[in-house]
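Presented below is the structure to which this report refers.
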Amino acid sequence: MSKRSSDSVGAGPATTVLVANRGEIARRVFATCRRMGIGTVAVYSDADAAAPHAAEADAAVRLPGNTPAETYLRGELIVEAALSAGADAIHPGYGFLSENADFAKAVLAAGLIWIGPPVEAIEQMGSKVASKKMMDAAGVPVLAELDPAEVTEAHLPVLIKASAGGGGRGMRVVRALDELEPQIEAARREAASAFGDPTVFCERYLETGRHIEVQVMADTHGTIWAVGERECSIQRRHQKVIEEAPSPLVERVDAERAAGVPGMRERLFEAARLAAGAIGYTGAGTVEFLADENGDFFFLEMNTRLQVEHPVTECTTGLDLVRLQLEIAAGARLPAEPPAMRGHSIEVRLYAEDPAHDWQPQSGTVHRIDIPAVLTEFDLLDRPGVRLDTGVVDGSVVGVHYDPMLAKVISYAETRGEAARLLANALHRARIHGLVTNRDLLVRVLRHPAFLAGDTDTAFFATHGLDTLAAPLVSEPDEALSIVAAALADAAANRAGARVGGGLPSGWRNLPSQSTHKLFESRTSGTHDVGYRATRGVFSVDDHDGLELVDATPDRVVLAVPGEKGSVRRTFAVARYGDLVCVDSPLGPVSVRKLPRFSDPADQIATGSLLAPMPGSVIRLGAEVGSRVEQGQPILWLEAMKMEHTIAAPAAGVLSAVNVTVGQQVEVGAVLAVVDPAEGTETQENK
């Protein structure tokens, strides 16, 4: 066997790299390859045929099918794709097969360069159960692993985790013993779907821990770097949402430590180097710890790959971690010491999801994604500003088969406060049209006094109220102003397209008359009826006394808004996509649906209907037609975007209809089942 097929390192520089992944991380690796003069190959599923990562590579190879199991988890197809496209190296990205030792073996056996750690290291860290035992033996502090069959009341609460994966898939918090078995089964299903391995285990759950991780980089000549730590404590469903470097906890603990006492950063770095050295690690990896407020920490896992949040380390060190991965795979030596950390960097994950409604993932078309103040994409920042790493562009379609992350938005500045301010402002002013996202939540977190004070434990959303953090950025009065702007822009568009009388003001009457009305529906505040009229020299909007129209075009409206000390001029940018109207201004983003003047009775939905909140596949039914159900009782389960979603009864009653079967694909808004609350009430009264 050749050197290249038997060893992942020292095989010489790659000339063409296939990225065994999709979306943002594929584009990120391609960007560094282009800067290094290395060719690129993409793989794509049928759902990703028009995706940006497939379009911008030098070559792209189709993986027939849509689901991960059919495509990105098919290692043999990916190796065939590399060979057919003339690639001599494979970079796994993160997720999918990135920590699959069998895939790494197949890459090497095919004579290809593996841009990753040794197979043995992946195997040793691939089982979170076995890896904890190994780290314990190496002197790294660990949380004890619990056999699910041996969990007792005294162990509660416990966290169920997938042994083979990460990203929150297969994770469940259990606080009652009677919930343990059903939650384990659900975790196994998720783990099998996401990673192809249903193995799960339990460990003690720390309610308010801090998630601290250390980036390591090791070459084949014995040098191991602890490049810097990151804090990733703000999470939803055990998946990171906001990450930053350096950690505010580490900064505080080290500032408060007594003279001569080893600092938390020093102890973290030593533990991370011990972990990497114990398994003969090479390349980029991350050692993750759970810490308490006193600075004590416990080993969670080692991710034998690049992390989603690697940009914050790049911004605070000036290192291109993907370049280092490629160079180390070619046998390059690292300098004796890593560069010193500089400034502060914060990353947020912009998801197509609705935090206010149980984090429901969204699917559909991204009509526009435009984030101001972006200095670079997929590259290092050397001055205060914003970096964008995204897998979507204007017109991209977000489907149901993959993670709903749209982009990572990263800021860098000299201080943490400035980095938070820069990022919050960029997100606030971003134009993101077409899908509900977590943007408002991200901005509120970045501006929250607790976040700015560095109080960022894993219970952040529970402590400060998800309903408050997920509330719209725009106030109700300002939303109403934005909807007025939407109505006036629509009127201007109608005038621009009119064949007769287009030059007359909208709603103009020679004599006093009724107002012209336009109806809009807001997700958060319901129906808005905007009435306006123009008579001789006077323009007025119902319920907005003193509001003056300065200018109105189909895509821009300027209003003079009355105030106690005079009027303030406000400018609104308006975009329309069918009945969707998006209004952007410094007051905050607003998206509404324009309603028809007359509704069709056939479009009415029966009371008690359970609608599909997203497209997905029905994986389980929980009740039969005719059975009595209680409010909140699970009726069925959908699988979408690699997660399970429970559809529960909206009220007590009788399940009068189930319109789906297990395995059926459903579209968003489909009526899945109907609970008749009247029958339920009647049944209770007759008991």
Counting neighbours of CZ on Arg204 that are heavy atoms of other residues, nucleotides or ligands and sit closer than 6.0 Å, is the number greater than 12? no
Nearest atoms (heavy-atom pairs only) where Ala20 meets Ile78: CB-CG2, 3.7 Å
Checking Asp88 side chain against Ala14 main chain: does a donor-acceptor pair fall under 3.5 Å? no
What's the verdict on side chain to side chain contact (heavy atoms under 4.5 Å, CB included) for Thr456 and Ile242, showing C-alpha distance, side-chain angles and the deciding distance? CA-CA 10 Å; Thr456 55; Ile242 298 179; over 6 Å; no
Would you say the side chain of Asp403 lies within less than 4.5 Å of the side chain of Arg349, judging by non-hydrogen atoms? no
Do the side chains of Leu77 and Val43 get nearer than 4.5 Å, heavy atoms only? no
Please check this pair: side chain of Asp136 against backbone of Val142, looking for a donor-acceptor N/O pair closer than 3.5 Å. no
Work out which heavy atom in Ile113 is nearest to a heavy atom in Ala329; give both atom names and the distance. CG2-CB, 4.2 Å
State the CD1-CZ distance between Ile38 and Phe30, to the nearest 0.5 angstrom. 12.0 Å
Charged N to carboxylate O below 4.0 Å: is that the case for Lys240 and Glu213? yes
Residues Glu270 and Arg273 bridged, charged N to O under 4.0 Å: yes
Kindly compute the distance separating CZ (Arg257) from CZ (Arg252), expressed to the nearest 0.5 Å. 13.5 Å
Are Trp359 and Gln239 packed together at the side-chain level, in the sense that at least one heavy-atom pair is separated by less than 4.5 angstrom? no
Locate the shortest heavy-atom distance separating Ala424 from Val443; write the atom from each residue and the value. O-CG2, 3.9 Å
Test applied, salt bridge (Lys or Arg N to Asp or Glu O under 4.0 Å); reference residue, Lys105; option that passes from Glu123, Glu120, Glu76: Glu123
Kindly indicate, with the supporting measurements, whether the criterion side chain to side chain contact (heavy atoms under 4.5 Å, CB included) is fulfilled by Thr71 and Tyr44. CA-CA 8 Å; Thr71 56; Tyr44 64 91; over 6 Å; no
Between the side chain of Ser247 and the main-chain N/O of Glu231, is any donor-acceptor distance below 3.5 Å? no
Ser233 side-chain N/O to His211 backbone N/O, donor-acceptor pair under 3.5 Å: yes
Any idea which heavy atoms bring Ala336 and Thr223 closest together, and the distance? O-CG2, 4.1 Å
Does a side-chain heavy-atom distance below 4.5 Å link Tyr412 with Arg342? yes
Search all heavy atoms of Ala42 against all heavy atoms of His53 and return the closest pair with its distance. CB-O, 3.6 Å
Are the side chains of Val445 and Val348 in touch, meaning some heavy atoms are under 4.5 Å apart? no
Do Phe299 and Leu274 have side chains that approach each other closer than 4.5 Å (heavy atoms only, starting at C-beta)? no
Start with the C-alpha gap between Gln325 and Arg323, add the side-chain angles, then the distance that decides, and say whether side-chain hydrogen bond (donor to acceptor under 3.5 Å, both in side chains) holds. CA-CA 5 Å; Gln325 285 185 295; Arg323 173 185 284 270; over 6 Å; no
What closest approach, in Å, do Cys33 and Thr40 show between heavy atoms, and which atom pair accounts for it? CB-CG2, 3.6 Å
Would you say the side-chain atoms of Asn21 pair up with the backbone N or O of Pro92, donor to acceptor, closer than 3.5 Å? yes
Met125/Met135 under side chain to side chain contact (heavy atoms under 4.5 Å, CB included): CA gap, chis, key distance, verdict: CA-CA 10 Å; Met125 291 295 104; Met135 292 299 102; 3.8 Å; yes
Would you list the pairs meeting ring-ring contact (aromatic ring centres under 6.0 Å, His included) in which at least one residue belongs to residues 269-290, sequence neighbours left out? Phe289-Phe297
Measuring from atom SG of Cys315 to atom CD1 of Ile346, what distance do you get when rounded to the nearest 0.5 angstrom? 11.0 Å
Could you check whether Arg236 makes a cation-pi contact with Tyr351, meaning its NZ or CZ is under 6.0 Å from the centre of the six-membered ring and within 45° of the ring axis? yes
Non-hydrogen side-chain atoms of Thr16 and Asp58 separated by less than 4.5 Å: no
Can Arg35 be said to sit on top of Phe378's aromatic six-ring, NZ or CZ under 6.0 Å from centre and within 45° of the ring axis? no
For salt bridge (charged side-chain N to carboxylate O under 4.0 Å, His left out), just list the numbers for Glu353 and Arg237, CA-CA rounded to whole Å, side-chain angles, deciding distance to a tenth of an Å, and then say yes or no. CA-CA 13 Å; Glu353 66 182 11; Arg237 289 177 168 170; over 6 Å; no
Phe96 ring center near Phe103 ring center (under 6.0 Å): no
Between Glu347 and Arg387, is the salt bridge (charged side-chain N to carboxylate O under 4.0 Å, His left out) condition met? List the steps. CA-CA 9 Å; Glu347 171 183 298; Arg387 163 180 167 175; over 6 Å; no
Rounded to the nearest 0.5 Å, what separates atom CG in Asp379 from atom CG in Asp389? 9.5 Å
Donor-acceptor contact present, side-chain Ser396 to main-chain Val366, <3.5 Å: no
Check for a donor-acceptor pair, side chain of Asp320 on one end and backbone N or O of Val322 on the other, with a separation under 3.5 Å. yes
Hey, are Arg28 and Glu24 close enough for a salt bridge, meaning a charged N less than 4.0 Å from a carboxylate O? no
Would you find a donor on one side and an acceptor on the other, under 3.5 Å apart, between the side chain of Arg439 and the backbone of Ala430? yes
To the nearest 0.5 Å, atom OG1 of Thr316 lies from atom CG of Leu380 at 10.5 Å
Reported CD-to-CZ distance for the pair Glu99 and Arg305, which is rounded to 0.5 angstrom: 4.5 Å
Is a donor on one side and an acceptor on the other found under 3.5 Å between the side chain of Glu377 and the backbone of Thr390? no
Residue that, paired with Glu293, satisfies side-chain contact (heavy atoms from CB on, under 4.5 Å) out of Leu249, Val253, Asp455: Leu249
Step-by-step side chain to side chain contact (heavy atoms under 4.5 Å, CB included) determination, Glu229 to Met341: CA-CA 10 Å; Glu229 90 280 351; Met341 295 182 71; 4.1 Å; yes
Give a yes or no on whether the backbone of Val308 and the side-chain of Lys408 come within a donor-acceptor separation of less than 3.5 Å. yes
Quick one: are Pro246 and His344 in side-chain contact, heavy atoms under 4.5 Å? yes
Electrostatic pair Glu80-Arg74, nearest N-O below 4.0 angstrom: no
Answer with yes or no whether the side chains of Arg230 and Thr313 bring together a donor and an acceptor at under 3.5 Å. yes
For Lys132 and Glu301: C-alpha separation, side-chain torsions, deciding distance, then whether salt bridge (charged side-chain N to carboxylate O under 4.0 Å, His left out) applies. CA-CA 7 Å; Lys132 283 195 172 186; Glu301 62 188 11; over 6 Å; no
